[in-house]
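Comments concern the structure below.
Order of the sequence lines fixes the chain letters, A, B, ..., with proteins taken first and strands second; residue numbering starts at 1 for each chain. Worth saying up front: this structure is predicted, and the values here are computed from it rather than measured.
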Amino acid sequence: MSFLNLTSIQKSFGPVQVVKDFNMAIEKGEFVSFLGPSGCGKTTVLRMIAGFETPSGGTISINGKSQANLRPNQRNIGMVFQAYALFPNMNVAENVAFGLKVAGRPKAEIDQRVKEMLGLIKLDHLADRYPYQMSGGQQQRVALARALAPKPQVLLLDEPLSALDAKIRVSLREEIRMIQQQLGITTVFVTHDQEEALSISDRIVVMNAGKADQIGAPAEIYNRPATRFVANFVGTLNLIEAKVVDPASNRVSIGDQGVTLREPLGNVKAGDTISLALRPEAGSIAADAKGDTALTGEVISSNFLGSVIRTRMKVGTAVISFDMFNSPGLVPPAVGETATLRFTATDLLIIRD
Amino acid sequence: MSFLNLTSIQKSFGPVQVVKDFNMAIEKGEFVSFLGPSGCGKTTVLRMIAGFETPSGGTISINGKSQANLRPNQRNIGMVFQAYALFPNMNVAENVAFGLKVAGRPKAEIDQRVKEMLGLIKLDHLADRYPYQMSGGQQQRVALARALAPKPQVLLLDEPLSALDAKIRVSLREEIRMIQQQLGITTVFVTHDQEEALSISDRIVVMNAGKADQIGAPAEIYNRPATRFVANFVGTLNLIEAKVVDPASNRVSIGDQGVTLREPLGNVKAGDTISLALRPEAGSIAADAKGDTALTGEVISSNFLGSVIRTRMKVGTAVISFDMFNSPGLVPPAVGETATLRFTATDLLIIRD
Amino acid sequence: MKKFWAWGALIFGLLYFILPLVGMTNFSLKMRRGVYSLDAYAVVLGDPRFQETFTYSILMALSTIVFGVLLVVPTAYWVRLKLPGLRPYIEFITLLPLVIPAIVIVFGYIRLYNTSSWLPLTGTTTGTNILLMFGYSTLALPYMYRSVDTGLRSIDIATLTEAAQSLGAGWTTILAKIILPNVLVAVLSGAFLTFAIVIGEFTMAALLNRPAFGPYMQLLGANRAYEPAALAVMSFALTWGCLGLIQLVSRFQKGAQSPA
Amino acid sequence: MKKFWAWGALIFGLLYFILPLVGMTNFSLKMRRGVYSLDAYAVVLGDPRFQETFTYSILMALSTIVFGVLLVVPTAYWVRLKLPGLRPYIEFITLLPLVIPAIVIVFGYIRLYNTSSWLPLTGTTTGTNILLMFGYSTLALPYMYRSVDTGLRSIDIATLTEAAQSLGAGWTTILAKIILPNVLVAVLSGAFLTFAIVIGEFTMAALLNRPAFGPYMQLLGANRAYEPAALAVMSFALTWGCLGLIQLVSRFQKGAQSPA
């Protein structure tokens with residue numbers, strides 16, 4: 001039995017079923033991200049854990065205890081919101097102390113704990129500030145301290161970084177991860193930003209239309225997407241249609257070029273179409289097509305994006321993007337030129353959904 | 001004489017000087033981006049070109065003609081706004097026709113031109129739609145068509161992609177660039193997104209506190225930042241403090257490790273501190289430090305970001321980030337391990353400001 | 001908890017609005033002893049003074065609306081566009097009529113524009129009518145201004161104005177083709193409220209001694225039993241109709257502008 | 001262009017508010033022939049009926065405010081939080097008193113709660129007072145509700161409520177510690193407006209025959225020359241004071257909450 005269990009969770013708003021049979025077991029101390037586009041139900045699941053929404057079906061248990069009959073204020077769950085949600089009429093220390101005061105802790109203990117929390121987020125010096133006197137990043141750190149002060153069983157983070165600037169977003173996500181590991185608190189993090197989820201999580205749940213499409217460690221999700229949706233949503237994988245040439249030898253053709261896959265094709269016959277995924281950073285430009293794991297095509301665009309140069313190549317009807325690290329001496333392939341992209345056979349994944 | 005000339009432009013709002021002595025000459029048909037953080041004055045310069053703000057000093061001329069005494073509606077300039085700004089009471093065709101109707105063009109010409117423009121943005125089939133019936137990306141394309149319909153001398157784009165989703169942002173920026181090249185229209189594009197500016201522009205003006213810090217082609221800006229600000233703002237360059245060991249042989253030390261630069265150090269003496277920049281994608285992990293262009297340090301973090309893995313290493317007091325392309329077989333250096341980063345001497349740039 | 005509030009709202013509505021209305025409507029139908037009839041309504045509608053005062057008030061309401069729209073729409077637009085710093089003050093001014101009793105305004109007018117003053121408006125019927133229209137405009141100002149201002153808030157007038165300018169449009173074109181069409185519903189809603197207010201107003205018309213509908217209602221109220229109830233019901237139906245129209249129009253507007 | 005509007009606003013303000021006021025104030029100081037004096041004010045302040053009606057109206061205003069706050073704050077909060085779909089309807093209801101003439105409301109009350117009815121409120125003084133307070137609350141409802149609702153809009157009550165809940169707080173704690181402190185300024189502003197309205201109200205108090213300040217002012221206006229002007233000036237000063245307080249308090253609020 002895991003620490004936080006979500007079993008067959010369903011949720012409908014009127015005729016719209018937002019969450020469909022969602023299952024997930026989260027271990028104590030684990031950092032799990034729910035990743036998906038807006039409307040995929042990720043926030044709704046989080047809000048059901050917090051008690052703000054009541055599941056239409058299924059059970060939620062924390063530490064072996066069903067949460068069904070507990071109101072939000074009885075669940076001992078810490079929550080951090082996208083909009084910070086600091087109480088505007090209270091200063092930093094009062095905000096952090098709020099949960100402890102409501103719980104009726106003695107004053108000395110509250111003072112001690114507030115101090116400890118402000119130390120954790122390195123804002124000791126701003127204890128007397130009011131929310132409107134602080135930057136977004138600072139406010140969100142206070143919100144984190146406030147959520148953690150009453151020692152909740154579970155910490156829920158609802159897109160906590162979306163309202164912040166790019167640079168602060170990166171530094172605050174690292175800080176959140178550090179604090180989480182330091183306290184060993186079980187954490188659920190909701191985001192639509194794949195880089196955020198990949199960089200911060202122990203495990204990721206990729207959600208699509210109310211269901212979990214794939215659950216796994218970041219590298220697993222990125223390198224071996226289980227479905228077309230995951231492949232499209234996480235990273236910028238190339239999705240290529242290929243024609244099966246010989247199922248026995250794993251031979252397929254892309255455009256009119258033959259490629260032999262490492263992975264068995266499974267239950268297909270010659271002439272069938274299958275989908276392959278190729279990461280844009282997997283290949284490299286070569287002078288000629290030696291061996292089977294190469295594709296030759298016409299370069300249709302080449303974009304300088306800063307640290308990488310993204311080139312697009314037309315192979316048959318497919319358009320394949322590939323990335324090269326920028327370097328001052330590098331001359332990217334020119335538009336209209338013919339180029340050969342080489343990669344290893346394991347880089348071509350079969351997408352089955 | 002260039003097509004669009006900005007000479008000694010200044011602008012103050014009350015006591016605050018927002019633009020300080022801004023100079024820029026833009027050629028006919030060129031695509032120039034103003035890149036900078038919010039508050040750097042980039043939008044103010046754009047609005048002065050459009051005539052929405054009056055410069056406190058300096059002159060703006062287009063095609064040799066001073067714009068000083070022209071009101072915004074007399075300048076024949078096309079403008080696209082971040083908020084789309086389609087007229088809610090008009091459908092797509094009426095929006096696109098607006099500028100032509102105001103100019104009193106004959107009906108047949110208007111119809112012809114509207115058709116042409118809708119073809120250009122590939123929305124012919126939506127001519128009867130109202131703005132609220134369309135997605136943000138579609139609305140912004142209509143706004144582009146509306147701005148282009150009266151054949152303006154100059155096209156101004158004020159963060160036109162900021163309100164859109166990540167994927168649409170990328171595809172629309174490519175479409176904008178394509179249309180701009182097709183029509184050969186002189187274009188100024190304002191953005192705070194470095195990738196956007198790098199991928200779309202002929203030239204970039206990096207703005208900082210009301211001044212142009214650097215003007216140059218995208219690769220030039222990225223690979224050879226002129227100032228510390230540009231190095232920090234464009235890309236994620238490492239800024240490393242180094243101590244001059246021997247100015248004659250270009251020898252410096254980082255932490256306690258010596259490195260020989262290719263570039264002359266200039267007017268410094270032994271013991272001086274200089275700033276070096278190293279792009280995170282420039283180096284690669286090696287087994288040992290052979291030769292002079294390598295740095296050895298302790299790995300302090302390693303983050304999986306999807307297509308790249310970003311590792312941070314401590315060398316003396318400096319923290320150096322470097323990126324590796326993700327690959328399923330790659331084992332990133334573990335935290336606490338000692339690693340050696342190798343690069344070529346030309347990758348270490350001297351930042352002088 | 002939800003039920004408690006739902007019941008609370010219901011009881012509140014009953015005690016405050018519905019029961020009094022039902023009671024009054026019921027009473028207005030009892031003119032003929034023992035049976036329900038529309039006699040009271042017939043008497044009222046047949047009264048020439050009713051026809052005269054009602055027509056007068058409708059005409060006054062229409063001129064007040066025209067004056068109000070011409071005054072408020074360009075002002076509210078200009079304030080939002082160019083003088084946003086003045087908005088709190090303008091809002092403050094438009095709130096004044098809510099709290100300055102109508103008596104004060106009219107006393108002031110009478111003192112200021114009487115027959116021996118520099119602008120003897122009260123000396124002629126037309127002058128007094130104009131004065132009354134000014135008074136009504138003052139009363140309606142808060143609603144008209146709020147309504148138009150809210151309408152302007154829902155569109156991004158600064159950017160729309162700049163977009164139109166960059167396409168070559170001048171102020172007249174912008175006001176006529178861009179601004180007015182987009183706040184038309186707000187203008188109508190303000191106009192209906194103005195109409196309802198003018199029809200029911202008593203104090204100003206009485207003090208300026210004009211044959212308006214409010215004083216007629218008051219007069220009837222003092223001297224008759226059933227007719228005032230019938231009048232009140234009719235007046236209520238009229239205002240209700242205006243409000244219903246506002247709701248209808250703004251629902252139509254929502255339909256045409258929704259998916260935000 | 002800017003100048004034109006600035007002048008327009010000035011002339012408008014002069015014709016509508018300032019000149020009438022100046023004229024009236026001037027007149028109120030002329031009771032003693034040939035010299036300016038405060039005689040009219042002395043007469044008014046010394047009148048025992050003035051003291052009686054003014055005290056009565058202040059007491060009525062205070063009870064109306066208390067009743068209004070207790071009714072409106074939790075309702076507006078709850079509607080925003082749980083029943084946002086009902087907001088247009090609630091707003092509609094709170095707008096009704098603006099357009100239903102006070103006469104209609106009072107006629108209804110009298111018919112419904114008269115001595116022969118099931119709830120004979122008009123039979124006793126206390127009952128009539130309660131009825132009048134209900135009437136006043138109805139009149140003040142639009143302002144109180146709007147004010148509180150606007151106050152609630154400026155804070156994100158849904159998220160703040162959830163944040164407080166997740167920290168263990170129940171409804172009472174949330175209302176008392178989070179919601180009320182953050183809309184206090186809005187509540188005060190609504191209270192001041194209510195106060196100004198109740199002090200100046202005439203129709204309801206007159207029809208229910210209670211010794212309120214409005215009818216006293218009216219009475220004086222019909223029988224005296226200088227005293228009503230003095231009264232109007234005083235009444236205006238009072239409402240102006242209330243509005244000034246609102247501005248002060250909301251400026252204080254802005255200072256405490258700004259850099260948005």
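Using a 4.5 Å cut-off between heavy atoms, B:D347 contacts chain A through its side chain alone, with no backbone atom that close. For a residue to count as touching a neighbouring chain, one of its non-hydrogen atoms must lie under 4.5 Å from one of that chain's; by this rule B:M178 does not touch chain A. Neither the backbone nor the side chain of B:D193 has a heavy atom closer than 4.5 Å to any heavy atom of chain A. Both the backbone and the side chain of B:A219 come within contact range of chain A, judged by heavy atoms closer than 4.5 Å. For chain A, no part of B:E220 is nearby; none of its heavy atoms comes within less than 4.5 Å. Neither the backbone nor the side chain of A:V234 comes within less than 4.5 Å of any heavy atom in chain B.
Contact annotation: the side chain of B:S321 never approaches that of B:T311 to less than 4.5 Å [non-hydrogen atoms, C-beta and beyond]. Contact annotation: the side chain of B:L172 never approaches that of B:V170 to less than 4.5 Å [non-hydrogen atoms, C-beta and beyond].
Using non-hydrogen atoms only and a strict 4.5 Å limit, the part of residues 223-231 of chain A facing chain B consists of A:N223.
Counting only distance, with no hydrogens or angles, the side chain of A:N238 and the backbone of A:L278 share a donor-acceptor pair below 3.5 Å. B:S171 contributes a side-chain N or O that, together with a main-chain N or O of B:I168, makes up a donor-acceptor pair within less than 3.5 Å. The main-chain N or O of A:P160 is found under 3.5 Å from a side-chain atom of A:Q140 such that the two form a donor-acceptor pair.
Per-residue counts of heavy-atom pairs under 4.5 Å with chain A were compared for B:G306, B:S38, B:S301, B:A197; the largest is that of B:G306. Across B:I221, B:T346, B:D323, the residue that shares the most heavy-atom pairs under 4.5 angstrom with chain A is B:D323. Residue with the most contacts toward chain A among B:Q194, B:R279, B:E196: B:R279 (heavy-atom pairs, distance under 4.5 Å). Contacts with chain B were tallied for A:L305, A:L237, A:I309; A:L305 has the most, counting heavy-atom pairs under 4.5 Å. Between chain B and the residues A:S327, A:S307, A:S199, the largest count of heavy-atom pairs under 4.5 Å involves A:S307.
Of the residues A:T191, A:I215, A:L198, the one that meets the side-chain contact (heavy atoms from CB on, under 4.5 Å) test with A:I204 is A:L198.
The residues A:E195 and B:R310 are annotated as not salt-bridged, no charged nitrogen and carboxylate oxygen being separated by less than 4.0 angstrom. Ion pairing between B:R177 and B:D202 holds under the 4.0 Å rule for side-chain N and carboxylate O.
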- Task: Start with the C-alpha gap between A:L161 and A:F189, add the side-chain angles, then the distance that decides, and say whether side-chain contact (heavy atoms from CB on, under 4.5 Å) holds.
- Result: CA-CA 10 Å; A:L161 306 172; A:F189 181 89; 4.2 Å; yes

- Message: salt bridge (charged side-chain N to carboxylate O under 4.0 Å, His left out), that's the test. Do B:R312 and A:E174 meet it? Break it down for me.
- Response: CA-CA 13 Å; B:R312 258 176 296 192; A:E174 287 168 8; 2.8 Å; yes

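Note: A:F233 CZ to A:L35 CG = 5.0 Å, rounded to the nearest 0.5 Å.
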